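Before I ask anything, let me first share the structure, which is written out below as structure tokens.
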Amino acid sequence: MNIKKEIDVRLSEKLAKLTNLSDAPALVNPTSNPKFGDYQANGVMSAAKHLKTNPQKLAEELIATVDLSDLVEKVEVAGPGFINITLKKDFLQDRIAENLHDERLGVPLAPQPERIVIDYSSPNLAKEMHVGHLRSTIIGDALVRLLDFLGHNIIRQNHVGDWGTQFGMLVAYLDKLQKDLPPEQTDSKNPNASRNSLFIEDLEEYYRQAKQLFDTDENFANLARECVVKLQSDKADVLKRWKLFRDISWEHCKKVYEKLGTLLTEQDIRGESAYNDDLPEVIKALEEKGLLTESQGAKCIFLDEFKDKDGNALPVIVQKSDGGYLYATTDLAAIRYRVQELKADRILYVTDSRQSLHFQQVFAVARKAGFVPEGVRLEHIAFGMMLGPDGKPFKTREGGTVKLMDLLDEAEHRAYNLVSEKSPHLPEDEKRKIAHVVGIGAVKYADLSQNRTSDYVFSFDKMLSLEGNTAPYMQYAYARIRSIFRKNKSDKNNEQITDRITIEHPAERTLVLKLLQFAEAVESATSDYFPHLLCNYLYDLAGAFTTFYESCPVLKSSEPIRSSRLQLCQLTARTIRTGLGLLGIETVEQM
RNA sequence: GCGCCCGUAGCUCAGCAGGAUAGAGCGGCGGUUUCCUAAACCGCAGGUCAGAGGUUCGAAUCCUCUCGGGCGUACCA
């Protein structure tokens with residue numbers, strides 16, 4: 001049960017009736033200060049302002065009309081028209097007892113499940129994954145888990161870059177290599193001979209060299225462009241190489257995803273190449289709608305809502321003057337597929353904020369062209385850049401791109417050193433397991449715990465710190481609780497844990513209330529796609545637990561308090577594990 | 001030039017459908033351990049919420065302008 005929502009709905013309904021305002025939200029939130037109770041409603045004041053009446057009087061009227069007796073111990077009007085609400089102890093105890101046997105820990109399912117397509121990760125298959133793919137992958141994966149938990153039907157889409165100039169370049173470069181080699185070496189050195197002889201590292205290097213050639217050698221650039229054309233016309237030998245590149249690259253991605261623990265699989269891939277045949281169709285459809293204009297040889301859609309410096313409409317180019325298609329064209333084709341074939345109710349794009357103009361334009365064109373029905377939502381879940389400690393874009397010391405695999409390896413390595421230092425007694429394989437969970441968790445949590453819209457400063461030291469709002473802190477909080485149960489099990493006078501939770505101590509009450517607010521945290525993190533709100537909640541929960549644990553002896557208490565407190569420990573552990581799980585972060589039993 | 005985002009403690013960040021005394025963590029200083037994991041906890045110091053106007057009973061939050069930073073802005077993705 002979402003307590004906040006429950007109170008809000010009841011108050012808002014009555015407030016609307018009382019004021020005859022169509023929109024009179026009660027604006028219920030947890031109180032800013034515990035002395036005001038558990039929840040406060042702030043909406044009366046603005047409603048009173050609209051009606052030009054006395055807010056305190058209106059607040060008094062409202063609480064006289066609304067029935068909250070099943071939840072509430074005390075409701076009072078305070079200050080200029082706040083309504084302060086204190087929940088009943090019985091209510092808290094009853095609700096928390098329900099969560100004891102609830103897999104979902106009180107989080108309600110979405111009343112209307114939707115089919116939600118989430119486009120995320122989307123690496124370029126011509127080269128290794130690098131830090132630029134990290135945020136999309138982490139944030140996208142967390143949103144998948146969160147929305148799925150609410151009962152939505154999630155369709156992951158990995159819109160990989162597996163087509164176009166970049167692949168033309170690679171194929172052309174391989175051709176060139178082959179020609180340059182002496183004939184007798186062709187079989188052993190020719191990467192095309194066997195896939196085993198070509199690795200992602202080679203591919204990375206080829207891409208670099210091919211790119212350089214492409215930029216400097218006009219002849220080569222033309223060859224590369226020809227290869228793109230050949231790709232599009234299904235020339236068998238060219239296609240064979242393309243598949244080879246793609247397969248090698250995917251093997252590499254798979255390893256990264258595996259290490260990262262993302263949900264993406266081969267089934268989720270639907271890359272740019274998948275839309276190749278649709279691109280002329282998209283142009284045709286736009287043409288038929290009368291949206292296309294030819295300008296400087298390119299086919300464009302001019303949209304009035306986007307203006308250039310002189311106030312002229314800005315174009316969205318969908319076909320180049322040389323006949324080639326662009327990013328926007330592919331995205332339009334993808335939208336059609338997602339609407340028509342996947343039957344999406346909502347399509348989310350998890351990409352960096354630099355692409356926000358692009359998506360605004362693509363969304364606008366898709367609407368105008370009738371590719372997207374009225375009720376279908378298109379949303380760009382934008383995020384900021386990853387910065388290095390110097391506040392500049394995150395690069396290696398030499399100024400190169402940081403490979404994602406290297407970064408993850410280092411996180412694990414650092415976590416391993418930490419574990420070895422703090423818990424040398426643990427067996428080696430255990431230490432490795434913990435290092436993996438903590439290292440990867442740290443990278444993910446550091447990203448997710450920050451408001452995604454802003455840039456964030458990447459720091460191994462900070463994310464692996466045991467202090468503050470970090471993964472290791474949360475994982476440690478979990479492990480500490482689990483240790484209580486190991487201890488309890490090994491106790492001689494191990495007693496049966498009963499089901500009742502009773503609130504005796506203020507710290508218990510605070511913890512219970514916090515536990516009950518898990519539903520609110522999940523809801524808030526999901527509604528606007530802000531996973532950091534769930535992180536904030538978990539951190540607060542850990543704090544509430546610590547206070548409880550410091551002031552309320554658990555194993556040393558006598559029944560029935562002992563059972564009650566053990567249950568609180570159990571629920572806290574489950575809530576932390578579930579919450580981290582929704583973010584794609586694992587826990588360990590000891591660390 | 002135009003557009004979008006941002007500027008909160010020394011540092012990294014919360015808070016922003018307007019609400020009560022602006023919160024954390026790190027760093028600094030000072031404490032706590034015969035006690036269920038000290039990888040912990042508690043306390044103190046630290047702020048003209050970039051600046052100036054405006055709207056309001058009330059502004060970090062909304063509006064306008066200024067300064068500072070980032071990103072984007074016709075054939076890359």
Side-chain angles (χ1 to χ4, degrees), chain A residues 23 25 27 29 31-33 35-36 40 42-43 45-46 48-49 55 78-82 84 122 124 159 161 163-166 272 295-300 302 306-311 314-322 324-328 330-331 351-358 360 382 384-385 387 389 391-393 418-419 421-423 438 446 449-451 453-457 459 461-462 465-470 472-473 475-477 479-488 491 532-533 535-536 539-540 543 546-547 549-550 552-557 565-566 569 590-591:
Chain A
D23 185 39
L27 297 179
N29 277 308
T31 50
S32 56
N33 187 318
K35 76 180 176 196
F36 299 133
Q40 63 182 70
N42 303 332
M45 290 175 283
S46 54
K49 194 189 238 175
F82 297 103
N84 291 339
S122 307
N124 181 346
H159 192 82
W163 203 248
T165 320
Q166 48 194 348
E272 291 170 352
S295 170
Q296 297 171 36
K299 289 189 175 150
C300 314
F302 285 92
F306 307 100
K307 301 259 165 83
D308 72 1
K309 48 185 177 255
D310 304 318
L314 224 51
V316 179
I317 303 176
V318 289
Q319 190 167 19
K320 297 193 276 185
S321 47
D322 69 0
Y325 302 103
L326 294 117
Y327 185 32
T330 315
D331 266 335
T351 78
D352 69 87
S353 53
R354 287 174 301 189
Q355 296 179 45
S356 83
L357 176 61
H358 163 78
Q360 282 179 50
M385 281 189 301
L387 306 176
K392 293 192 196 134
L418 250 173
V419 175
E421 185 192 322
K422 303 293 186 183
S423 305
V438 171
S449 61
Q450 216 144 117
N451 186 324
T453 56
S454 46
D455 295 345
Y456 95 100
V457 178
S459 161
D461 290 335
K462 284 205 168 126
S465 167
L466 266 299
E467 283 153 28
N469 192 7
T470 66
Y473 176 86
Q475 288 165 326
Y476 180 64
R480 274 176 93 194
I481 301 173
R482 297 302 302 153
S483 81
I484 298 167
F485 289 92
R486 278 196 299 278
K487 169 109 180 160
N488 183 48
D491 271 359
H532 79 282
L533 298 176
C535 295
N536 289 352
Y539 185 60
D540 283 351
T546 300
T547 307
Y549 196 48
E550 300 270 318
C552 302
V554 178
L555 295 177
K556 286 168 195 158
S557 298
R565 290 184 174 167
L566 271 169
C569 291
Q590 52 183 321
M591 59 189 276

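Here is how names work: the chains are called A, B, and so on, in the same order as the sequence lines, proteins then strands, and each is numbered from 1. Everything numeric in this text was worked out from a predicted model, so none of it was measured.
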Seminar exercise, completed: Closest to the side chain of A:Glu467, out of B:rU37, B:rA74, B:rG27, is B:rG27
Exercise. From the list B:rC36, B:rA39, B:rA74, which nucleotide is the closest neighbour of the side chain of A:Lys556?
Worked result: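 Looking only at side-chain atoms, A:Lys556 lies closest to B:rC36.
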Exercise. Between B:rA17, B:rU73, B:rA20, which nucleotide has the shortest distance from any of its atoms to the side chain of A:Pro25?
Worked result: B:rA17
Exercise. Counting side-chain heavy atoms from CB outward, which of B:rU37, B:rA20, B:rA24 is closest to A:Phe36?
Worked result: B:rA20
Problem set entry | Phosphate OP1/OP2 of B:rA74 contacted by A:Gln296 side-chain N/O (<4.0 Å) |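 Answer no for this pair, as no side-chain N or O of A:Gln296 is under 4.0 Å from OP1 or OP2.
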Problem set entry | Nearest-nucleotide comparison on RNA chain B, the residue closer to the 5′ end among A:Asn33 and A:Gly468 | A:Asn33
Problem set entry | Closest to the A:Leu466 side chain, choosing from B:rU37, B:rA40, B:rA20 | B:rA40
Problem set entry | Base of B:rU37 and ring of A:Tyr476 stacked, centres under 5.5 Å, planes under 30° | no
Exercise. So which heavy atom on A:Gln450 is nearest to which on A:Tyr456, and how close?
Worked result: OE1-CB, 2.9 Å
Seminar exercise, completed: What one should report as the nearest heavy-atom pair of A:Ser32 and A:Gln40 is N-OE1, 3.1 Å
Exercise. Has A:Tyr473 got a side-chain N or O lying under 4.0 Å from the OP1 or OP2 atom of B:rA24?
Worked result: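 False: A:Tyr473 side-chain N/O out of range (4.0 Å or more) of B:rA24 OP1/OP2.
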For this session: Hunt down the Watson-Crick or G-U wobble partner of B:rU61, both distances under 3.5 Å, from any strand shown, or write none.
Result: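 Here B:rU61 is not engaged in any pair, so there is no nucleotide opposite it.
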Exercise. Checking only heavy atoms, does the side chain of A:Asp540 share a donor-acceptor pair with the base of B:rA14 at less than 3.5 Å?
Worked result: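 Answer is no: no donor-acceptor pair is held.
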Problem set entry | Base of B:rA20 paired with side chain of A:Thr31 (donor-acceptor, under 3.5 Å) | no
Problem set entry | Nearest non-hydrogen partners of A:Phe306 and A:Leu357, listed with the distance | CD2-CD1, 3.8 Å
Problem set entry | Position toward the 5' end of RNA chain B (nearest nucleotide), A:Ile317 or A:Gln360 | A:Gln360
Exercise. Whom does B:rC4 pair with, Watson-Crick or G-U wobble, provided both distances fall under 3.5 Å?
Worked result: B:rG70
For this session: Determine: side-chain N/O of A:Lys320 to OP1/OP2 of B:rC76, distance under 4.0 Å, yes or no.
Result: yes
Problem set entry | Phosphate OP1/OP2 of B:rA14: any A:Ser454 side-chain N/O under 4.0 Å |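 Answer yes for this pair, as a side-chain N or O of A:Ser454 is under 4.0 Å from OP1 or OP2.
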Problem set entry | Base-pairing mate for B:rU56 - Watson-Crick or G-U, with both contacts under 3.5 Å | none
For this session: Have a look at A:Leu418 and say if it touches a base, only the backbone sugar-phosphate, or nothing, with a 4.0 Å heavy-atom cut-off.
Result: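 Result for A:Leu418 = nothing.
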Exercise. When all nucleic acid strands are considered with a 4.0 Å heavy-atom cut-off, which category describes A:Asp23: base, sugar-phosphate, or nothing?
Worked result: nothing
For this session: Would you name the heavy atoms of A:Ala479 and A:Met591 that are closest together and state the gap between them?
Result: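 Scanning both residues completely, I find the closest heavy atoms to be CB-CG, 3.9 Å.
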Exercise. From B:rA20, B:rC11, B:rA74, pick the nucleotide closest to the side chain of A:Lys462?
Worked result: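 Nearest to the side chain of A:Lys462 among the choices is B:rC11.
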Exercise. Looking at B:rG19, B:rA20, B:rC26, which one has an atom nearest to any side-chain atom of A:Pro80?
Worked result: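 So the nucleotide nearest the side chain must be B:rG19.
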Problem set entry | Identity of whatever pairs with B:rC13 - Watson-Crick or G-U, under 3.5 angstrom |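 With both distances under 3.5 Å, B:rC13 matches B:rG23.
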Exercise. Who is the Watson-Crick or G-U wobble partner of B:rC36, with both distances under 3.5 Å?
Worked result: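 Looking at the geometry, B:rC36 pairs with no nucleotide.
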Exercise. Quick one: does A:Lys49 reach the base of B:rG58 with a side-chain donor-acceptor pair under 3.5 Å?
Worked result: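 Indeed, a donor on one side and an acceptor on the other fall under 3.5 Å apart.
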Seminar exercise, completed: Quick note, A:Val457 side chain, CB onward, closest among B:rA74, B:rC13, B:rA77 is B:rC13
Exercise. Who does B:rC41 pair with, Watson-Crick or G-U, both distances under 3.5 Å?
Worked result: B:rG31
Seminar exercise, completed: One should read off an interatomic distance between A:Asn84 CG and A:Asn42 CG, to the nearest 0.5 angstrom, of 8.5 Å
For this session: Decide yes or no, distance alone: a donor-acceptor N/O pair under 3.5 angstrom between the base of B:rA77 and the side-chain of A:Ser122.
Result: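 Checked by distance alone, the answer is no.
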Problem set entry | Atom-pair distance (NE2 on A:His532; C1' on B:rU12), nearest Å | 14 Å
For this session: Send over the distance from A:Asn42 CG to B:rG18 C1', rounded to a whole Å.
Result: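 Answer to the nearest Å: 9 Å.
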Exercise. Would you say B:rA38 has OP1 or OP2 under 4.0 Å from some side-chain N or O of A:Arg480?
Worked result: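 Affirmative; the distance criterion is met.
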